[in-house]
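In what follows, a single structure is set out as structure tokens and then discussed.
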Number of protein chains: 2
Amino acid sequence: MEIKFKPIGVVHSPLKKKEDIQSSRSTDPQGFDSVQGELEIFKEFEEGLKDIDGFSHLILLFAFHKSEECRLFAHPPYDNKRRGVFATRSPNRPNPIGMTVLKLIQIERNILRVSGIDMFEGTPVLDIKPYTPRDQKSPIKLGWLEDKIKQAPKSQ
Amino acid sequence: MEIKFKPIGVVHSPLKKKEDIQSSRSTDPQGFDSVQGELEIFKEFEEGLKDIDGFSHLILLFAFHKSEECRLFAHPPYDNKRRGVFATRSPNRPNPIGMTVLKLIQIERNILRVSGIDMFEGTPVLDIKPYTPRDQKSPIKLGWLEDKIKQAPKSQ
């Protein structure tokens, strides 16, 4: 059984290569919050953006198009252990779909200006959804990440 | 350009038909928080679940396999207006991928017991990710949903 999807748009990002991601991660422990970019939604889907302007945050689903291979284990940054891939956000996973919550800054026709960008220029957009109270969970437990996040300066 | 994914598992849910969803929605304004079910991850991916047990919440990406058609507008429940589909969580969208944050109750081998289930029995699982502080956004604005959520009893 195969499930097929088609991109509905493309991400325009200041992150062009692996080193840009690494550099953003190390200088911005808040997790790319300040990284701005644009979601360009293809014209044929533009009507579906109606009413989206009232939401402050959007869930972006995208394809990890630079994902190298499917792996069941990952070596996350700042961690010296091999972790199960489903306990990480690694791009190299059985179905390379990414999910990031973005802040909506402005929308003009089919272009959404957003912040929180942590994906590469040219990333295919699969879906956009409004972020709602059902997506806000607290308190949360972070497993192996707990120590790593506490160690990171300024991180919450 | 087409992007292909394969299910890595299947959802076992008490919600078998449309009426079950409607009934859960009307009796549980907290949004299915109390609805329990299981994620059965196929054996070949079981190793990828290592380290997941320490996380309290998981992001589930799944295929809306009962989605009827691709629409650019949706008529959400409790709303009498036509909304742009990307401003809703409607299953009938250009790429019918669902995203729900679940609470992890227990894990035994390849079976994850979870609560927060709002999808049908037999739903194909595409991906599981840990829910982290980067997914917690607050305060948020809810656009057209703002009034609806305030009106719902006990909802936050």
Side-chain angles (χ1 to χ4, degrees), chain A residues 1-8 31-32 41 45 47-59 61 63 72-73 83-89 93-95 97 99-101 103 116 124 126-146 149 155-156, chain B residues 1-8 31-32 41 45 47-59 61 63 72-73 83-89 93-95 97 99-101 103 116 124 126-146 149 155-156:
Chain A
M1 180 188 176
E2 266 187 352
I3 304 178
K4 294 175 191 168
F5 298 112
K6 270 188 176 181
I8 60 159
F32 303 90
I41 304 304
F45 302 107
E47 281 193 303
L49 295 172
K50 186 175 166 285
D51 302 306
I52 212 172
D53 55 329
F55 292 86
S56 58
H57 293 80
L58 303 175
I59 294 166
L61 300 184
L72 290 182
F73 294 96
R83 306 292 179 180
V85 72
F86 300 122
T88 78
R89 302 288 277 256
R93 46 204 311 122
N95 288 314
I97 313 176
M99 177 278 193
T100 298
V101 185
K103 189 168 184 183
L126 295 178
D127 198 10
I128 296 174
K129 302 178 192 292
Y131 182 89
T132 76
R134 289 201 57 206
D135 307 308
Q136 295 178 306
K137 302 294 180 187
S138 182
I140 61 173
K141 282 192 206 159
L142 290 173
W144 68 267
L145 255 177
E146 201 91 40
I149 286 187
S155 180
Q156 47 182 344
Chain B
M1 179 187 177
E2 264 187 351
I3 304 178
K4 293 174 192 168
F5 298 113
K6 270 189 175 180
I8 59 157
F32 303 89
I41 304 306
F45 302 107
E47 282 194 302
L49 295 172
K50 186 175 165 285
D51 303 305
I52 213 172
D53 55 327
F55 291 87
S56 59
H57 293 80
L58 303 175
I59 294 167
L61 301 183
L72 289 182
F73 294 97
R83 306 291 178 180
V85 73
F86 301 122
T88 78
R89 300 288 277 255
R93 49 204 310 122
N95 288 316
I97 313 176
M99 177 277 195
T100 298
V101 185
K103 189 168 182 180
L126 296 178
D127 198 10
I128 295 174
K129 301 177 192 290
Y131 182 90
T132 76
R134 287 200 58 206
D135 307 307
Q136 293 178 307
K137 300 296 181 185
S138 182
I140 60 172
K141 283 192 204 159
L142 290 172
W144 68 268
L145 255 177
E146 202 91 41
I149 286 186
S155 180
Q156 48 178 343

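Both backbone and side-chain heavy atoms feed into the values below; hydrogens, waters and symmetry mates do not. Numbers restart at 1 for each chain; the letters A, B, ... are given by sequence-line order, proteins then strands. Values in this document were obtained by computation on a predicted structure and should not be read as measured data.
No other option in A:G48, A:G54, A:G84 has as many heavy-atom pairs under 4.5 Å with chain B as A:G48. Most heavy-atom pairs under 4.5 Å with chain B: of the set A:P7, A:A87, A:A63, this distinction falls to A:A87. Interface summary for chain A: among B:I3, B:I41, B:I8, B:D53, the most heavy-atom pairs under 4.5 angstrom belong to B:I3. Per-residue heavy-atom pair counts under 4.5 Å with chain B were compared for A:K129, A:K4, A:E2, A:K50, and the maximum is reached by A:K129.
Using a 4.5 Å cut-off between heavy atoms, A:L58 does not touch chain B at all. In this structure, chain B has a heavy atom under 4.5 Å from the side chain of A:P124, while its backbone stays farther away. Both the backbone and the side chain of B:F55 come within contact range of chain A, judged by heavy atoms closer than 4.5 Å. Both the backbone and the side chain of A:F45 come within less than 4.5 Å of a heavy atom in chain B.
Listed here is the closest heavy atom pair of B:T88 and A:P130: O-CD, 3.4 Å. In this structure, B:P139 and A:S56 approach most closely via the heavy-atom pair O-OG, 4.3 Å.
Once rounded to the nearest 0.5 Å, the distance linking CG of A:D51 with CZ of B:R83 reads 5.0 Å. Taking OH of B:Y131 as the reference point, atom CG of A:L145 lies at 14.0 Å (rounded to 0.5 Å). Taking CD of B:Q136 as the start and CD of A:Q136 as the end, the distance is 9.0 Å to the nearest 0.5 Å. Atom OG1 of A:T132 and atom CG of B:L142 lie 7.0 Å apart (nearest 0.5 Å). Taking CG of B:L61 as the reference point, atom CG of A:N95 lies at 9.0 Å (rounded to 0.5 Å). Separation of atoms CZ (B:R93) and CD1 (A:I128) is listed at 9.0 Å; rounding is to 0.5 Å.
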Given the rule in the side chain to side chain contact (heavy atoms under 4.5 Å, CB included) test, do B:F86 and A:D127 qualify, once you have shown the distances and angles that lead to the verdict? CA-CA 8 Å; B:F86 301 122; A:D127 198 10; 3.6 Å; yes
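Looking at heavy atoms from C-beta onward, A:R134 lies in side-chain contact with B:T100 at the 4.5 angstrom threshold. Contact check for B:R89 versus A:I59: side-chain heavy atoms found under the 4.5 Å cut-off. In this structure, B:M99 and A:D135 have side chains that are in contact, with non-hydrogen atoms separated by less than 4.5 Å.
Ring planes of A:F5 and B:F5: tilted class, angle from 30 to 60°.
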